[in-house]
Number of protein chains: 2
Amino acid sequence: MCGGRSCYPAEMSAPRSTKQRDVIARVLDVAEGPLAVPDILTRTQAQVPGVGLATVYRTLKLLSDQGSIHPVTLDGETLYEASGRGHHHHFSCTACGRVFTLHACPVSIPAGTVYPGGFVVEAHEVTLYGRCPDCAARA
Amino acid sequence: MCGGRSCYPAEMSAPRSTKQRDVIARVLDVAEGPLAVPDILTRTQAQVPGVGLATVYRTLKLLSDQGSIHPVTLDGETLYEASGRGHHHHFSCTACGRVFTLHACPVSIPAGTVYPGGFVVEAHEVTLYGRCPDCAARA
DNA sequence: GTAGGTGCAAAGTATTTGCATATAT
DNA sequence: ATATATGCAAATACTTTGCACCTAC
C-alpha cells in the first residue's frame, strides 16, 4: 500500500536505524529516571566514542517527535525520559539533586474535572521534593 | 545596633530603592499569574520607558535572592511570580498557553510523609493542564 | 547508488557580565 | 561625595543549523 517496508505518510520516509540512535534510545530506556543532556551524552559516548552533541540533540528531537521519549523540565533543567512507563511522577532530592520516577500518584483528578473558576482539567503533573532513600538514611 | 537604617549582615548594604526595581516588583505583584521575562520587560517599559533587559534580569535575581519572588519553570519556560501568596499551584491552558494561579490544592501530603521506596516528602508542586475558562467557553 | 545521518564548526537564543555614566542616600 | 544601579555592548551558555563526508537501505 505504501511501497516501503512500513507505512509512513506520503513524501516521508522511515528514519534509519543507526548505532547512535539505537544507543541514545537505549540509554533513556534503561535510565533510572529522566536524564539531562550532558548526562545522556556521557552515557552514549561510553558506547559510541565519537558521538557529537548535535547528534544527541537531533536524536532527542526525533524521538520526542515520534513520541517515544519526552522532555521534563524540573527547576529550570530540561531532562528527557522514555515514554510509555505509565502514569508516574517525579521526586527531586533536595540533598543530592537526583531525580527519581515514582509510580505512586497522590492525585486523583478524572479528566474533565472542573476546578473553581471554570478550569477544565485534562492532565496533571506532580513533583515531590524531599530526601531520597539514600539521603534520608545518611541524615 | 547596626548603624544603618535597616539591619543587613556586616559588609553588606541594603539595596537601594530605584524606580526600575519598584516598578518590576509591582509588575509581579499585580500580575494575574507567573510572567515570562519578555512579558515583564514589556510591562515595565510601559512605566519606565528606557529600562534595559539586563536590569530586568538583575532585578529578578535580586528579588529572588531576597525571597520576594521566585522562578517557576513550566514546559521549559522560566516564569517569575511574587512569593507569599500562600500555597497554590498552576494551571496551564493547552489552548491559549496562558498560565494561571490556582488556590485549590488537589494534594494532601503532610511534610514528612514517606513514599513507597523510602522517599521522604517535604514539599510538592502540581501543574494542571487543560482549558482555561475563556477557552472552554469558546470551544 | 542515493537519500538520509553524522561530526564539526558557525549561527541563533537566552542570560550574565564589564564598564562608563547616572542616581540614591 | 560616594557607593550602588543602570544601559549598552560584549561575553557565556545552551541549542540549532549548514555543510562536506559517511552509511543504511
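Letters go in sequence order (proteins before strands), and every chain restarts at 1. Only a predicted model underlies this, so the values are computations on that prediction, with no experimental measurement involved.
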Item to check | 5' precedence on DNA chain C between B/K61 and B/K19 (nearest-nucleotide basis) | outcome: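 Going by which nucleotide is closer to the 5' end, it is B/K61.
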Quick test: give all pairs of protein nitrogen or oxygen and nucleotides 19-22 of chain D nitrogen or oxygen below 3.5 Å, distance rounded to 0.1 Å.
none

Hey, does the side chain of [X] come within less than 4.0 Å of [N]'s phosphate (OP1/OP2), counting only N and O?
| X | N | result |
| --- | --- | --- |
| B/Q20 | C/dT23 | no |
| A/R16 | D/dT23 | no |
| A/T18 | C/dG4 | no |
| B/Y57 | C/dT16 | no |

Checklist entry - Tell me, which of residues 24-51 of chain B have any heavy atom that sits under 4.0 Å from an atom in DNA chain D? => result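 Those residues whose heavy atoms fall under 4.0 Å from DNA chain D, taken from residues 24-51 of chain B in numerical order, are B/G50, B/V51.
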[X] [atom1] - [N] [atom2] separation (whole Å):
| X | N | atom1 | atom2 | value |
| --- | --- | --- | --- | --- |
| B/Q66 | D/dA5 | CD | P | 11 Å |
| A/L62 | D/dT17 | CG | P | 14 Å |
| A/D22 | C/dT6 | CG | C1' | 14 Å |
| B/R21 | C/dT25 | CZ | P | 10 Å |
| A/L53 | C/dA9 | CG | P | 13 Å |

Item to check | Rounded (10°) bend between the five-pair end axes of the helix from C/dG1-D/dC25 to C/dT25-D/dA1 | outcome: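 The two end axes of the helix from C/dG1-D/dC25 to C/dT25-D/dA1 meet at 30°.
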Checklist entry - Is a donor on one side and an acceptor on the other found under 3.5 Å between the side chain of B/T101 and the backbone of B/H90? => result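 No: the side chain of B/T101 does not pair with the backbone of B/H90.
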Checklist entry - Charged N to carboxylate O below 4.0 Å: is that the case for A/R43 and A/E32? => result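 Answer for the salt bridge query: yes.
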Checklist entry - If you measure from the Lys or Arg side-chain nitrogens to the Asp or Glu carboxylate oxygens, is any gap between A/D22 and A/R26 under 4.0 Å? => result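 Answer for the salt bridge query: no.
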